[in-house]
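Chain A is the first sequence line, chain B the second, and so forth, proteins listed ahead of strands; every chain is numbered from 1. Everything quoted here is computed from the prediction, not taken from an experiment.
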4 protein chains.
Amino acid sequence: MKLRDENKTDQIFKATLKLVKENGLSGITMQSVAKEAKIATGTLYIYFKNKESIITSLFDHCVKNSATIFFQHYDVSAPFKVGFHTIWSNIVQHRISRFEESIFIEQCFHSPYIDEETKTTLKKMFEPLLELLNRGKEQHIIKNIDSFWLTSFMIGTINEIAKRVTYFNKRLTKEVLDLNFQMCWDGIKA
Amino acid sequence: MKLRDENKTDQIFKATLKLVKENGLSGITMQSVAKEAKIATGTLYIYFKNKESIITSLFDHCVKNSATIFFQHYDVSAPFKVGFHTIWSNIVQHRISRFEESIFIEQCFHSPYIDEETKTTLKKMFEPLLELLNRGKEQHIIKNIDSFWLTSFMIGTINEIAKRVTYFNKRLTKEVLDLNFQMCWDGIKA
Amino acid sequence: MKLRDENKTDQIFKATLKLVKENGLSGITMQSVAKEAKIATGTLYIYFKNKESIITSLFDHCVKNSATIFFQHYDVSAPFKVGFHTIWSNIVQHRISRFEESIFIEQCFHSPYIDEETKTTLKKMFEPLLELLNRGKEQHIIKNIDSFWLTSFMIGTINEIAKRVTYFNKRLTKEVLDLNFQMCWDGIKA
Amino acid sequence: MKLRDENKTDQIFKATLKLVKENGLSGITMQSVAKEAKIATGTLYIYFKNKESIITSLFDHCVKNSATIFFQHYDVSAPFKVGFHTIWSNIVQHRISRFEESIFIEQCFHSPYIDEETKTTLKKMFEPLLELLNRGKEQHIIKNIDSFWLTSFMIGTINEIAKRVTYFNKRLTKEVLDLNFQMCWDGIKA
DNA sequence: GATGAATGAGCCTTCATTCAT
DNA sequence: TATGAATGAAGGCTCATTCAT
């Protein structure tokens, strides 16, 4: 008996991300996903119930994935600025190296595929960052602003960096990284 | 004989924006656009050659529109910070009040509808801002960083503000606005 | 504006009946129905919501149709045997001239298309016959048997006549008709 | 090495009959047959060449089966009425106890699976009955009508009895049986 | 110009059949 | 032999576009 090839799921995810990047969510067809993943269309339905399922599963996969990357090497006991820099770098690296995932998630947000519930659970994955920011405020290192706006500021700058690096083919040298971190840091510091 | 009703173009644009916000680019069909615009499907083809034409025309319309709004009330001869604040406020206001347009443009970027050429012409509309930033740098008011990254920083924060105001139904009080401008300003100032 | 062509429904019904006769319910595809009805597949969906709708609508159409035919020229005040003969003849004629409909209804019975409710409402259309049979029993003209079995007997013989006439290409002469009616009559008469 | 398990053919036949009863010929898929028969889809192709083969084999199986049942306990030398009653009872019992087979055969008749040739060979299995009827006519016990219509009459009533017993969940008591036989007998007797 | 019925290519999905294990 | 994953042709249905009114 031929066993279910578990890394087919990955092929399908990769194919989907690539196609969404190139043509948007509207551009993906089961046919094109299958072709890109080098399998038959029917095979897609062995691994996923339907098109929606591919998209929502991939969405979940991306979200879970990023959550772990965002906080890798992050040491809660390290000084505020060190911790903040770690997370900031992680997110920047993630957004750029997995830019396709960001596009995919963004496109999903305004699609019928992702429901309200899923959207709100997304917020939870930033909790460690929120705790860090609270510490920074207590220690009067950063501005005493609602963390909602602090994270908005931080994420906004990062997203745009990722976009520009990708769209304009910029190399993200250490210098550029430092520059951008500096602006972000100056923006939030007390 | 009734003249080509210029009002209808607007209805079509509005319908398209609404539908893209609700269902993404993938979600719009000529039928749904017609229904939302309260006209017949055939009528769409009197005003636009085809579906692609609706999307690219709307894209152009949005871009041109924002270009004028971004720099309204902007006085080239005013002090740097005043000018910067004017533009910053304009963009924030625009992004929020016409959030649907932002979503639309974002979705278009990763669709087969917008070609590379169109994307690059987008950059041109920020030229007055670039000139202002150059002045700021000359006057040592802001950091001496490539304007590419300065605008990235500025636009990134604004985009995220708009998203959050919309998605989380936040009211944008003067206080919140000031807060956010302060962060942006601290980030870029020398 | 092109108006909805109301006799397209009929074309679709006719095409469906023909195809079900030739290939069974399993054999009909939307493509084949459209082709037989000489319209495009998409057009089917203007007149019917989906395949199921074609089938259930046709089912209803057939049932309603037969109900009127079964009792045409039937005079409630006529003598029992005359009335019974009228109805018997009507049903025979109907089953033969519209044999396709009979096949269709029979096939529907064992398909996922027709629900239990629909099946039971079918019984109602025989009520005038039931009343006639009651009169016959009261007048001691026919056997005093539950009408359920009397109608079973009557309908059973008729169905088989129709099948045989059709499958074996028999001509239904007056003689053959009389012969068959005689057997039916002898079977139920007291 | 395990031998070709003849039992599996039966499982497949049973599964097919059940599914045809529930969903019609259109409703059966190789997947559903395999599942119902509790085997793998691939296994179906060890026992049968393809889907058509399952259906035609089952058709043959049903026909052969009924042929033997129809004439069991039938004594050619018994008086006419006794012989006729035996056959009549056998067919009734068969039609009811194996109602699924009747549905299956009926559905096959209007499907692409059964060819004209197969249909006509069906007639042959009634030959002993035809001989009996000839005897009945010679002995002036029954009407001198073409046996084609005599069998039509007999089979028609039986089929309808079977349908009604099944669809309306009627219990077939000795009384009901006698009643129905009486009608049939009165119908054909001279 | 305006309408919406009509069209048919193309999408999602199913399913008969094959094949590797 | 038995399994069920894999295949891809074909079915139901949608939708961009055309056309008759």
Open item on the list: Taking the minimum atom-to-atom distance to the side chain of D:Gln31, which one of E:dC15, F:dG4, E:dT3 wins?
Closed with: E:dC15
- [ ] Could you tell me the separation between the CG atom of A:Leu44 and the C1' atom of E:dC11, rounded to a whole number of Å?
- [x] 13 Å
Task: Comparing A:Ser32 and B:Lys38 on DNA chain E - which has the more 5′ nearest nucleotide - done: B:Lys38
TODO: Measure the distance from NZ on C:Lys8 to C1' on E:dA5 and round it to the nearest whole Å.
DONE: 8 Å
- [ ] Please examine the side chains of B:Asn65 and B:Arg98, heavy atoms only from C-beta on, and report whether any two atoms are closer than 4.5 Å.
- [x] yes
TODO: Using the closest heavy atom to pick a nucleotide of DNA chain E for each, name whichever of D:Glu52 or A:Thr29 lands nearer the 5' end.
DONE: A:Thr29
Open item on the list: For a 4.5 angstrom cut-off between non-hydrogen side-chain atoms, does C:Glu101 reach C:Glu106?
Closed with: no
TODO: Look up atom CG in B:Leu58 and atom OG1 in B:Thr9, then write down how far apart they are to the nearest 0.5 Å.
DONE: 11.0 Å
- [ ] Starting from P on E:dT14, measure out to CD1 on D:Ile28 and report it in whole angstrom.
- [x] 18 Å
Open item on the list: What is the separation between atom CG on B:Asn7 and atom P on E:dG1, rounded to the nearest whole Å?
Closed with: 16 Å
- [ ] Let me know the distance between CE of A:Met30 and P of F:dT7, rounded to the nearest Å.
- [x] 14 Å
Task: Gap between atoms OH and C1', on D:Tyr47 and E:dT17 respectively (whole Å) - done: 18 Å
TODO: Among the candidates F:dG12, E:dT13, F:dT7, find the nucleotide nearest to the side-chain atoms of A:Lys51.
DONE: E:dT13
Open item on the list: Could you walk me through whether C:Phe109 and C:Phe104 satisfy the ring pair (Phe, Tyr, Trp, His ring centres under 6.0 Å) test, starting with their C-alpha distance in whole Å, then the side-chain angles of each, then the deciding distance to 0.1 Å, before giving a yes or no?
Closed with: CA-CA 9 Å; C:Phe109 256 73; C:Phe104 173 72; over 10 Å; no
TODO: Could you work out which one of E:dG1, E:dA6, E:dT7 sits closest to the side chain of C:Ala40?
DONE: E:dT7
Open item on the list: Between P on E:dC19 and CD1 on D:Ile46, what's the gap in Å once rounded to a whole number?
Closed with: 14 Å
Open item on the list: Would you say that D:Leu19 contacts D:Thr29 through its side chain, given a criterion of any heavy-atom pair below 4.5 Å between the two side chains?
Closed with: no
Task: For C:Phe13, ring pair (Phe, Tyr, Trp, His ring centres under 6.0 Å) partners two or more places apart - done: C:Phe48, C:His61
Task: B:Asn50, nearest nucleotide to its side chain (from F:dT17, E:dT17, E:dT3) - done: F:dT17
Task: C:Lys18/C:Glu36 ion pair, N-O < 4.0 Å - done: yes
Task: Canonical and wobble pairing (Watson-Crick, G-U, under 3.5 Å) of DNA chain F, dot-bracket with | - done: .||||||||||||||||||||
Open item on the list: With a 4.0 Å cutoff (strictly under), does any side-chain N or O of D:Thr43 reach OP1 or OP2 of F:dT3?
Closed with: yes
TODO: May I have the distance from C:Tyr45 (atom OH) to F:dA16 (atom C1'), rounded to whole angstrom?
DONE: 17 Å
